[in-house]
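Structure record follows, encoded as structure tokens.
Everything numeric in this text was worked out from a predicted model, so none of it was measured.
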Amino acid sequence: MSGDEVIALFIVVGLPMALGFYIMHRLFGLKQRKMEIEAEQTAEKAAQYAVSNHELEQRVRVLEQIVTDGGAHTAAQIEALRDLQDRDPLPLPKEKARG
């Protein structure tokens with residue numbers, strides 16, 4: 001093979017292969033990044049569900065206690081739950097006294 005044939009072979013075969021490898025490398029990198037983002041979002045949702053599940057479990061325990069306890073105790077616990085529900089979860093800061 002002469003020098004011209006080697007150059008022509010490189011142009012016809014080598015450059016398209018190199019370009020194809022580069023494009024595939026970029027596509028796989030994009031795909032990997034997309035999967036990482038989806039994994040982070042899934043983990044965040046799982047954490048939110050865990051917190052919600054824990055809160056629901058606590059409420060069910062309270063309800064079970066109310067159902068199984070005596071009548072006088074039941075009324076007190078219902079009122080306690082109402083008080084918890086009526087409370088503001090994030091109280092506003094108190095204003096400083098002007099003097």
In Å, rounded to the nearest 0.5 Å, how long is the span from [atom1] of [X] to [atom2] of [Y]?
X	Y	atom1	atom2	value
Asp4	Leu9	CG	CG	12.5 Å
Thr42	Met35	OG1	CE	11.0 Å
Tyr22	Leu15	OH	CG	15.0 Å

Suppose the criterion is salt bridge (Lys or Arg N to Asp or Glu O under 4.0 Å): which pairs have a residue in residues 34-44, not counting sequence neighbours?
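Only Arg33-Glu36 qualify under salt bridge (Lys or Arg N to Asp or Glu O under 4.0 Å).
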Phe21 pairs by side-chain contact (heavy atoms from CB on, under 4.5 Å) with which of Met24, His25, Met17?
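The option that passes is Met17.
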When Val51 is tested against each of Gln48, Glu55, His54 for side-chain contact (heavy atoms from CB on, under 4.5 Å), which residue passes?
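The single option meeting the side-chain contact (heavy atoms from CB on, under 4.5 Å) with Val51 is Glu55.
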Does some side-chain heavy atom of Val60 sit less than 4.5 Å from a side-chain heavy atom of Glu64?
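Yes; the side chains approach each other to less than 4.5 Å.
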Is the shortest side-chain heavy-atom distance between Lys31 and Leu27 below 4.5 Å?
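They are not in side-chain contact.
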Shared ILVMFWY cluster between Val6 and Val12, side chains joined below 4.5 angstrom?
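Yes: a chain of side-chain contacts under 4.5 Å links Val6 to Val12.
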Strictly below 4.0 Å, N to O, side chains only: are Arg82 and Glu79 in salt-bridge contact?
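Yes.
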